[in-house]
Number of protein chains: 2
Amino acid sequence: MPTPRSRRERPAKPALTREGIVDTAVALMEEEGLRRVTMRRLAQALDTGPASLYVYVANTGELHAAILDRLLGRADLGVGDAAVPWRTRLDAVLAGYEEILFANPALAQSALVARPSGPHYLGLLDTLLALLGEGGVPALQAAWGVDILLQSSTAAAAEHSARGEDADAARDWDRLRRAVAEAAPDTHPRVRAQAAELLSGTPAERRRWRVEVLLNGILVTHPGAA
Amino acid sequence: MPTPRSRRERPAKPALTREGIVDTAVALMEEEGLRRVTMRRLAQALDTGPASLYVYVANTGELHAAILDRLLGRADLGVGDAAVPWRTRLDAVLAGYEEILFANPALAQSALVARPSGPHYLGLLDTLLALLGEGGVPALQAAWGVDILLQSSTAAAAEHSARGEDADAARDWDRLRRAVAEAAPDTHPRVRAQAAELLSGTPAERRRWRVEVLLNGILVTHPGAA
DNA sequence: ACCTGAACACCGTTCAAGT
DNA sequence: ACCTGAACACCGTTCAAGT
């Protein structure tokens with residue numbers, strides 16, 4: 001089926017839509033990483049100029065948010081099997097969310113500043129509210145709790161995943177580890193004394209503890225009490 | 001005192017040092033914001049070419065970390081007056097840390113990925129360890145707790161301060177608020193039902209609750225228990 | 001009315017070549 | 001040995017001018 005009235009012999013250039021743009025962005029990201037998903041490269045992949053994208057996407061941040069929402073849609077982060085304890089399921093949902101962000105640290109950085117507002121992100125909120133509700137967390141604590149749970153996971157992903165991918169970030173992290181290990185006893189006595197504890201634990205152990213801390217804190221902390 | 005053998009009549013160009021570079025960077029940031037503190041502009045302010053900076057600073061991330069460490073040094077985030085309850089003092093230290101980052105959201109974003117490792121950041125770790133110790137938090141919980149406290153404050157600053165400064169980020173946040181407020185009862189029933197709670201609370205109330213949640217969680221959660 | 005070429009105003013980082 | 005000019009390889013966003 002030849003394109004009618006096409007001026008070039010190139011393959012049919014599909015009409016631009018927001019959906020199409022985001023799909024192409026996700027594909028590009030999976031091939032080359034988010035850092036390479038720039039407005040210019042994305043336009044190139046869509047066989048148009050960068051200016052054209054601004055008809056459908058307000059800016060880079062909004063594009064990133066749209067990408068994340070699309071990825072969340074794929075992941076199916078539902079409430080899970082009621083036979084499994086709610087804490088375990090909630091942990092799994094957060095782990096699924098983090099997994100997406102770990103695969104693309106730059107996306108986590110973006111998500112922290114420009115929160116997605118798409119249907120799948122709302123779905124994630126809904127799932128977390130359901131699980132906290134099931135755990136007997138009062139409505140207000142649950143609502144505020146969802147916020148800090150997601151913030152914590154997003155931050156952990158932004159921080160942690162950079163370690164593996166970005167060589168510069170890895171060096172910065174190593175610098176901190178060494179600074180802690182070699183802290184002077186006279187100026188930083190507690191850091192020195194607790195250096196082993198500060199540097200201990202696998203990422204998985206730290207993660208598990210972090211989620212437990214948040215859930216326990218959310219459960220026992222009544223807003224307005226302080 | 002004329003510069004000896006100077007080829008130009010310009011004011012004496014001070015020799016480049018890491019200290020001098022970071023000082024100039026802080027000054028430039030306070031005048032124009034971190035976004036404008038680029039390697040090129042910083043070099044210009046130091047009357048040299050961008051390449052020269054790379055003799056003293058490995059990359060932009062390291063520069064940002066050095067800036068933050070310098071700002072922490074100014075802030076004097078000590079353990080405070082022993083007459084005041086430790087929780088109150090710990091809250092104040094975190095507030096001081098957040099205040100620095102709130103004034104420059106981009107710095108918070110950087111700090112999440114490239115943690116500073118300078119003496120003043122170590123000082124902050126030391127202070128937090130001291131306060132948690134004073135509160136009777138066991139050593140391992142304190143060490144891991146410092147990590148999530150700082151991560152949470154950094155993330156909050158990165159997220160929140162963007163709302164005020166960046167017009168784009170503010171719009172994204174508004175989009176999320178509206179999406180929550182208008183959530184469809186059939187697809188996102190809990191978001192709909194708890195929309196009021198999700199959107200409630202002042203930033204200060206949310207912040208206070210967040211710190212309480214973390215402290216309570218850190219106090220009651222034993223690593224390895226889960 | 002819709003789309004976009006071309007321009008504006010920048011970036012970080014490297015390295016060969018200078019002093 | 002130390003420093004840096006100039007280049008490489010890019011950016012996001014806007015808007016006047018086209019169809």
Side-chain angles (χ1 to χ4, degrees), chain A residues 3-8 10 12-18 20-21 24-25 28-29 32-67 106 109-110 113-114 162 165-172, chain B residues 3-8 10 12-18 20-21 24-25 28-29 32-67 106 109-110 113-114 162 165-172:
Chain A
T3 312
R5 257 165 284 139
S6 77
R7 236 160 282 134
R8 306 195 207 157
R10 311 293 240 78
K13 179 175 151 182
L16 283 182
T17 61
R18 194 174 208 274
I21 289 170
T24 306
L28 195 57
M29 186 186 83
E32 316 196 29
L34 187 68
R35 212 186 26 173
R36 286 202 134 16
V37 185
T38 64
M39 291 303 225
R40 294 178 103 103
R41 287 181 131 258
L42 182 54
Q44 205 167 32
L46 288 159
D47 194 23
T48 184
S52 304
L53 302 181
Y54 286 85
V55 178
Y56 305 95
V57 176
N59 50 55
T60 308
E62 202 200 277
L63 175 66
H64 289 180
I67 290 173
Q109 271 191 281
S110 277
V113 175
E165 212 197 62
D166 191 351
D168 292 335
R171 224 173 323 182
D172 285 336
Chain B
T3 312
R5 257 163 284 138
S6 75
R7 234 158 284 132
R8 305 192 207 158
R10 311 295 240 74
K13 178 175 153 184
L16 283 181
T17 61
R18 195 175 208 270
I21 289 170
T24 306
L28 195 57
M29 186 186 84
E32 317 196 30
L34 187 68
R35 212 185 26 174
R36 288 205 132 16
V37 185
T38 64
M39 291 302 226
R40 294 176 102 103
R41 287 180 131 258
L42 182 54
Q44 205 166 33
L46 288 159
D47 193 25
T48 184
S52 305
L53 303 181
Y54 286 86
V55 178
Y56 305 94
V57 176
N59 51 56
T60 307
E62 202 200 278
L63 175 66
H64 288 181
I67 290 173
Q109 271 191 280
S110 276
V113 175
E165 212 197 63
D166 192 350
D168 293 335
R171 224 175 321 184
D172 286 336

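Chain naming here is simple, since letters A, B, ... match the order of the sequence lines and numbering starts at 1 in each. All of these numbers come straight from a predicted model, not from anything done at the bench. Hydrogens, waters and symmetry mates play no part in the numbers below; they use all other heavy atoms, side chains included.
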Would you indicate, yes or no, if [N] has its OP1 or OP2 atom less than 4.0 angstrom from a side-chain nitrogen or oxygen of [X]?
X: A:S52; N: C:dC3; answer: no
X: A:R41; N: D:dC11; answer: yes
X: A:T48; N: C:dC3; answer: no

I'd like to check A:V37 versus A:E32 (side-chain heavy atoms, cut-off strictly below 4.5 Å). Are they in contact? no

Complementary nucleotide for C:dG18 - Watson-Crick or wobble, under 3.5 Å: D:dC2

With both distances kept under 3.5 Å, what pairs with C:dC11, Watson-Crick or G-U wobble?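 Per the H-bond distance test, none.
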
Of A:R36 and A:A58, whose nearest nucleotide on DNA chain D comes first from the 5' end? A:R36

Applying the side-chain contact (heavy atoms from CB on, under 4.5 Å) criterion to B:I21, which one of B:I67, B:V55, B:L42 satisfies it?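 It is B:L42; the other options fail the test.
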
Taking all non-hydrogen atoms of both residues into account, name the closest pair between [X] and [Y] and its distance.
X: B:R36; Y: B:L28; answer: O-CD2, 4.3 Å
X: B:A25; Y: B:L63; answer: CB-CD1, 4.2 Å
X: A:S52; Y: A:L16; answer: CB-CD1, 3.8 Å

Gap between atoms [atom1] and [atom2], on [X] and [N] respectively (whole Å):
X: A:H64; N: D:dC11; atom1: NE2; atom2: P; answer: 12 Å
X: A:R35; N: C:dT13; atom1: CZ; atom2: P; answer: 10 Å
X: A:M39; N: D:dC10; atom1: CE; atom2: P; answer: 18 Å
X: A:R40; N: D:dT14; atom1: CZ; atom2: C1'; answer: 12 Å
X: B:I21; N: D:dC3; atom1: CD1; atom2: P; answer: 10 Å
X: A:L53; N: C:dC2; atom1: CG; atom2: P; answer: 17 Å
X: A:L63; N: D:dT13; atom1: CG; atom2: C1'; answer: 14 Å
X: B:L46; N: D:dG5; atom1: CG; atom2: P; answer: 13 Å

Pick the P atom in C:dC10 and in D:dA9, then give their distance to the nearest Å.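 Pairwise P distance, C:dC10 against D:dA9, rounds to 23 Å.
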
Nearest of C:dT13, D:dT13, D:dT4 to any side-chain atom of B:Y54?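 Of C:dT13, D:dT13, D:dT4, C:dT13 is nearest to the side chain of B:Y54.
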
Among C:dC15, C:dG12, D:dC3, the one nearest B:Y56 by side-chain distance: D:dC3

